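Okay, structure first, notes after.
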Amino acid sequence: MAILALILTLLVAVEHFYILYLEMFAIESTKAKKIFNLSDDFIAQPKVKVMFANQGLYNGFLAAGLLFGLISQQFSVVIFFLICVMFAGIYGAITANRSIFLKQALPAILAILAQLLA
């Protein structure tokens with residue numbers, strides 16, 4: 001069960017590093033526009049790229065915290081950052097798009113359960 005907890009936690013971290021990449025460096029790409037349902041006109045507005053870069057940085061901090069917890073083998077750090085991801089996913093599902101629950105909150109919840117059972 002410990003390997004499952006590790007894999008699920010790493011998947012959550014990789015997902016958030018990918019979100020960092022999309023939001024900070026590739027927000028104008030076709031892939032990012034499709035994933036975030038963005039129009040060219042919206043992206044062209046002043047400060048939108050800065051807003052997405054800021055969000056990307058936060059996603060990177062979540063991923064970095066998870067990796068730090070795994071590398072340092074600090075269970076409480078891993079759980080803390082997974083709970084942060086879970087709540088961010090729940091909030092995003094409520095305020096932006098319900099699919100965020102499945103894409104971000106649910107993987108974090110599964111990783112939390114796996115960590116607790118490991």
Side-chain angles (χ1 to χ4, degrees):
M1 189 62 116
I3 191 72
L4 179 61
L6 174 65
I7 290 169
L8 290 174
T9 302
L10 284 172
L11 286 174
V12 172
V14 167
E15 176 185 25
H16 282 78
F17 277 129
Y18 182 61
I19 294 169
L20 170 145
Y21 165 74
L22 289 173
E23 291 180 338
M24 291 190 79
F25 306 109
I27 197 62
E28 295 179 280
S29 71
T30 303
K31 185 80 168 175
K33 287 188 277 189
K34 182 179 177 186
I35 288 172
F36 300 121
N37 193 27
L38 304 172
S39 68
D40 290 329
D41 291 337
F42 179 75
I43 293 172
Q45 292 179 50
K47 300 198 181 203
V48 166
K49 289 181 211 167
V50 172
M51 177 189 70
F52 273 96
N54 188 46
Q55 289 177 190
L57 187 61
Y58 281 94
N59 279 291
F61 288 145
L62 292 171
L66 288 170
L67 288 184
F68 172 77
L70 290 172
I71 291 167
S72 64
Q73 298 182 354
Q74 294 184 42
F75 174 77
S76 60
V77 172
V78 173
I79 294 298
F80 171 78
F81 279 99
L82 285 171
I83 289 171
C84 289
V85 170
M86 178 189 72
F87 279 116
I90 291 169
Y91 182 80
I94 292 169
T95 61
N97 186 326
R98 285 186 287 187
S99 71
I100 293 173
F101 181 84
L102 296 175
K103 296 173 187 173
Q104 291 182 21
L106 185 58
I109 291 167
L110 294 175
I112 290 166
L113 292 173
Q115 287 287 341
L116 292 173
L117 295 173

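Please read all numbers here as calculations on a predicted model, not as lab measurements.
Here D40 pairs with K33 under the salt bridge (Lys or Arg N to Asp or Glu O under 4.0 Å) rule; sequence neighbours left out. K49 meets the salt bridge (Lys or Arg N to Asp or Glu O under 4.0 Å) test with E28; sequence neighbours excluded. Partners of E23 according to the side-chain hydrogen bond (donor to acceptor under 3.5 Å, both in side chains) rule, which considers only residues two or more places apart in sequence or in another chain, are Q55, N59. For S72, the side-chain hydrogen bond (donor to acceptor under 3.5 Å, both in side chains) partners at least two apart in sequence or on another chain are Q74.
Among residue pairs with one or both ends in residues 20-73, those qualifying as ring-ring contact (aromatic ring centres under 6.0 Å, His included) are F36-F52; sequence neighbours excluded.
Scanning both residues, S29 and A26, for their nearest heavy atoms gives OG-O, 2.7 Å. P107 approaches L102 most closely through the heavy-atom pair CD-O, 3.3 Å.
Under a hydrophobic-cluster definition in which Ile, Leu, Val, Met, Phe, Trp and Tyr are linked whenever side-chain heavy atoms come within less than 4.5 Å, directly or via other members, L62 and L57 are assigned to different clusters. Both I35 and I43 sit in one connected hydrophobic cluster of ILVMFWY residues. Membership requires side-chain heavy atoms under 4.5 Å apart, directly or through other members. Note on I109 and L66: same hydrophobic cluster, where clusters join Ile, Leu, Val, Met, Phe, Trp and Tyr whose side-chain heavy atoms are under 4.5 Å apart, directly or indirectly.
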Could you give the side-chain donor-acceptor pairs of residues 77-97 under 3.5 Å, partners two or more places apart or in another chain?
unit_1, atom_1, unit_2, atom_2, d
T95, OG1, Y91, O, 2.8
N97, OD1, S99, N, 2.9
N97, OD1, S99, OG, 3.0

Could you go through residues 3-16 and list every donor-acceptor pair under 3.5 Å that involves a side-chain atom there, pairing it with any protein atom two or more places apart or in another chain?
unit_1, atom_1, unit_2, atom_2, d
T9, OG1, A5, O, 2.8
T9, OG1, Q115, NE2, 2.9
H16, ND1, V12, O, 3.0

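Heavy atoms from other residues, nucleotides or ligands lying under 6.0 Å from CD of Q73 number 12 at most.
Side-chain contact between L38 and I27: present, with at least one pair of heavy atoms (C-beta onward) separated by less than 4.5 Å.
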